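The block underneath contains the structure these notes are about, expressed in structure tokens.
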Amino acid sequence: MLTRAFIASLAAAALLCAQPAAAQDKLQEKLKVIATFSILADLVKNVGGDRVEVTMLVGPNGDAHVYSPTPADARKIADSKVVVSNGLGFEGWINRLVRASGSKAPVAVVTKGVKPRRMAGGHGHGHDHGSDPHAWQSVGNVKLYVANIRDALAAADPAGKAAYEANAAAYSGKLDALEQEVREAVARIPADRRKIITTHDAFGYFAEAYGVQFIAPHGVSTEAQAAAKDVARIILQIRRQKIPAVFLENVTDPRLIKQIADETGAKIGGTLYSDALTDDKGPAPTYIDLIRHNIRTLGAALMS
Ligand SMILES: [Zn+2]
């Protein structure tokens, strides 16, 4: 078996060598880009199109807050031309990882130009003194992400500049339409029911942009344990304000929200997708699907 596999690999190598030079160049031409997590990988694919080959570090349903990079990640970065990160302290591990890889690839921070949301009460990640990193939950911010990705790809691959500009413009048009859907969906929820409890405070930008109040026992990172007094405060608030629903998330432990639902009688309104896409079989394999899924889930739970 070993011999046959070896011969097969030799044959494959020979075939590769026999390809005309132009075809080989075409194969090697793709710009290798690393995206730190699944949502950014989707945005890079939309802007890069078939000129780029995107690899993500934290995959679908993964939690970038508590991610531990592996030696394989360092090798992937060493092999890439551009690293695309969220910034605002979301990937506290990225700069060390890039240094460890020995890579000279530029690290594009896609939140450049985003107005950071400051957290009261020091629930931040420590690195960035209370900035909330979840800026992608505002579709308007993601238009800035797309512009930053476009510029980073064009800087690394000037021959593709026109293609990246065209892709970014087309995708931004889709984001405008998506944002309109969000505003319409929120407008259908009665104003006094636009109050939502979820596990960690990932929806502050969504809340600010679209006029929904989010309350979360965990603060902006999934790292810390929720304090008992925060949980007690939220239970009191749900009872007092008659908040109709609480929501699970794809990246966090459901037990706390289930406990809060049990103690207050609020129903579990479904799962919101906060910090990661799903795989292709799930309901949120792209950023646009993620936002649509979230507004459908919120609407269904809060209007009934
Ligand atoms: Zn988060």
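Side-chain atoms are counted along with the backbone in the values below, which use heavy atoms only and exclude waters and symmetry mates. Remember, predicted model here, so these are calculated numbers, not experimental data. Order of listing sets the numbers, starting from 1, for every ligand and every atom in it.
- Among F206, Y210, F203, the one residue that satisfies the side-chain contact (heavy atoms from CB on, under 4.5 Å) test with S138 is Y210.
- Angle subtended at the Zn ion (ligand 1) by H134 NE2 and D275 OD2: 120°, rounded to 10 degrees.
- The nearest N, O or S atom of D63 is not closer to the Zn ion (ligand 1) than 2.8 Å.
- Inspection of the S131 and R118 side chains reveals an N or O donor paired with an N or O acceptor under 3.5 Å.
- Between the side chains of Y164 and D157, at least one donor-acceptor pair of N or O atoms lies under 3.5 Å.
- Computed with the Zn ion (ligand 1) at the centre, the H200 NE2 to H65 NE2 angle is 120°, stated to 10 degrees.
- Hydrophobic cluster membership for I235: I197, I215, V231, I234, I238, I243, V246, L248, L256, I257, I260, I268 (Ile, Leu, Val, Met, Phe, Trp, Tyr linked by side-chain heavy atoms under 4.5 Å, directly or transitively).
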